[in-house]
Amino acid sequence: MNVGKLLSEMTLEEKLGQLSQYAAAYMDSSLDSPLTGPKSKIKLTKEQYNSIGSTYSFKDAGVMRDLQKKHLDNDPKKIPMLFMDNVIHGYRTVYPVPLGMGATFDTALMEECCAMAAKEAALAGVHVTFAPMVDLSRDARWGRCVESTGEDPYLNCEMARAQVRGYQGNMDPSKNIAACVKHYAAYGQAEAGRDYNTTDMSERTLRDFYLPSYKAATDEGARMVMTSFNILNGIPSSGNRRLVKDILRDEWGFDGIVISDFEAFKEMHIHGYCETEADCAEKAMNATSDIEMMSACYFKAIPDLIEEGKISMEQIDEAVLRVLKLKEEFGLFENPYSYASEDESEKICLSDEHRALAKKAAEKSAVLLKNEGILPFNKDNAKRIAVIGPLADYKGLDLWACRGKAEETVSVLEGVKNLLPEKEILFAEGCSYEVNETNCEKIPMAVKLAKSCDTVILCVGEHAKMSGEGKSRMELRLSHAQKALITEVTRVNKNTAVVLYTGRPLVLTDCIDDMPALMNTWLPGTEGGNAIAELLFGDKNFGGKLPMTFPRSEGQLPISYNIFRTGRPLLNGNWKKGFVSCYFDMPNDPLFPFGYGLSYTDFEISAPEISRAEMSSGEELTVSVSVKNVGERDGEEVLQLYICDEFASLVRPIRELKGFKKISLKPNEKCKVSFTITEDMLKFWSANDRFEAESGWFTVWVSNTSTETKSVRFVFNKK
Ligand code: BGC
């Protein structure tokens, strides 16, 4: 297809159709005619409706084929629609939420999972996923931190790249889908953790922390970018020319499609940034936003804006061409139905292979946070097992679990029964999972059960509907009822492991002491229950590490390990002394830091050694540690490289992650882990308003958490 020629033959209205997207619920002709019913809200004419260029969120391959056919029958130019969806952590086979995938510190696994999701989605007719979501998150009150891989720019960049590679592969439409990185930009810094709220930050914070993951995704070739709902320093992203045109397109060279978030063009009016719909359309087009999702400012206002000379036809053509090119890349003009097939889709969704991968991901994402020697449970000693708690038989999936179904999901109760079919396995709910639950009526029954069993698994935390979009929380503690359940059950049975479900770091300060053991499973997806059972009973070992700090109190938020140095740092943890940067009612440090996670075995990590103490521009140096498995089981460990620029033109963080490697060792096995340090790793957004490294001393740590103290130093000479 010659898309240039096609473009030259299109009317303005047809072009605007390519720049407009509505959810399948609005497109489905089983609903009322385009001009009535839900569609009337958007108020399109029949001609506009027939020219729509893309849709999203449709049920399956059958619906895709149906919608595409009806569209082609009605569109005079017969331009196939692009079909998009929120394939965020799996399509039908669901793997852990992105925050959980962050905890794997395993980019190859992330890539594999995304490739699996893409394959399932492609056969259901999906061309584009609204993923990866790469918004850096330091505030657990913000419910959408569940969709990101956490608080660290380096980890987020690596995971962003892995997701793009996994989804897009070679852009083979039979098994790959295009990635749409979101939400550009800095949506994760919503003030006070309240979703859709203001983001206000300095250029250097934006450049050093928040922008790198979007850039990493576009560098990796993501075909689309979704702008965010928030204002950034006063300007909503959809109309933010500096952000989209100047930085994304001109500076980074992104030539793909930019799409708005849901109704975000129209929301520029509500923000108080655009007085009229025409103003929304003008600002968005001038920012080079291509597709408008779920509102109709372009349709309504662009013809007049062109007439008035405020927008040029060239601007429209450039945007339309970007959309047509993606359709061409997918071969849609030749094969508008792509590989959408209900039969083929049924064959691979939830196949043994896919379930096995989802299980592996659930296992690798789990983080062991506390273990007073009770885990792993001894299978031989466990005769009567109680699986207790509001989430013990929980199969719920979150908003972004796409086509995942509760009935196809394995709960912990089922997982334990699958693993140990010969044992007596009993269940008690204990209390409900509601966020402010105070009703403790059912606790005595659960306590009675716990008392009568030798082994107890207690599943508490957040139900999936408590995190995600629009799910900000002020308090991150467990409900009164869940805390009472933990206290009472562990009082009568010390052989109790707590399994925490959550979409965000929670504040566990007031119940952690009661827990003999605690594992965090996040929201683990289809195979969660099976993976958890195998971990608890020692068939598998823990290797996950926290991708986000678990605070001691909500008052510490936002919190992250990579904070800037202050003139009055808190040294030696003496927080009661005063007149240093600390609180006087609680320590500064979190309950569990970034990068933390236990294992069933122990690793001895030597002090880091450096290949030389000096490095100049263009040179590299190596830092290494030797690691030994000194425990009794096979285990995996994540070695993390942190660097601090000791003195710089702008004050630098106390340390920053610059590399990680996951290793696997047998008991008594030893290995050397090395990282190469390059000038690029020392760069930051400097006082000269550009990325550069500066001469001077650097401190380096290599360890299995972000709080290690053993370090080495080297000096960098810039040439
Ligand atoms: C969310 C996006 C999502 C879009 C389409 C919005 O509400 O912010 O992340 O991709 O809806 O479903």
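Since this is a predicted model, take the numbers as computed values, not measurements. Read the numbers this way: they start at 1 and go in the same order the structure lists the ligands and their atoms. Nothing fancy with the numbering, it's 1 onward along the sequence.
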Open item on the list: Show me which atoms of ligand 1 lie under 4.0 Å from any heavy atom of E469.
Closed with: 1 (C), 6 (C), 7 (O), 8 (O)
- [ ] Looking only at protein heavy atoms, identify the closest one to atom 3 (C) of ligand 1 and say how far it is in Å.
- [x] N86 OD1, 3.4 Å
Open item on the list: Distance under 4.0 Å to a non-hydrogen atom of F130: what atoms of ligand 1 satisfy this?
Closed with: 10 (O)
Task: ligand 1 contact by R144, heavy-atom criterion under 4.0 angstrom - done: yes
Task: Centroid-centroid under 6.0 Å between Y501 and H463 rings - done: no
Open item on the list: We want to know whether Y196 and E469 form a side-chain donor-acceptor pair, criterion being a heavy-atom distance below 3.5 angstrom.
Closed with: yes
TODO: Give the numbers and elements of all ligand 1 atoms closer than 4.0 Å to a heavy atom of K182.
DONE: 2 (C), 3 (C), 9 (O), 10 (O)
Task: Heavy-atom side-chain proximity of D85 to R403 below 4.5 angstrom - done: yes
Task: Any M226 heavy atom less than 4.0 Å to ligand 1 - done: yes
Task: Test item: side-chain donor near acceptor, T93 and E120, under 3.5 Å - done: yes
- [ ] On the 0 to 90° scale, with breaks at 30° and 60°, tag the F229-Y187 ring pair as parallel, tilted or perpendicular.
- [x] perpendicular
Task: Numbered atoms and elements of ligand 1 in range of H183, under 4.0 angstrom, heavy atoms - done: 2 (C), 8 (O), 9 (O)
Open item on the list: Under 6.0 Å between ring centres: does that hold for F83 and F58?
Closed with: yes
Task: Option whose closest heavy atom lies nearest to atom 2 (C) of ligand 1, chosen from D195, D261, D135 - done: D261
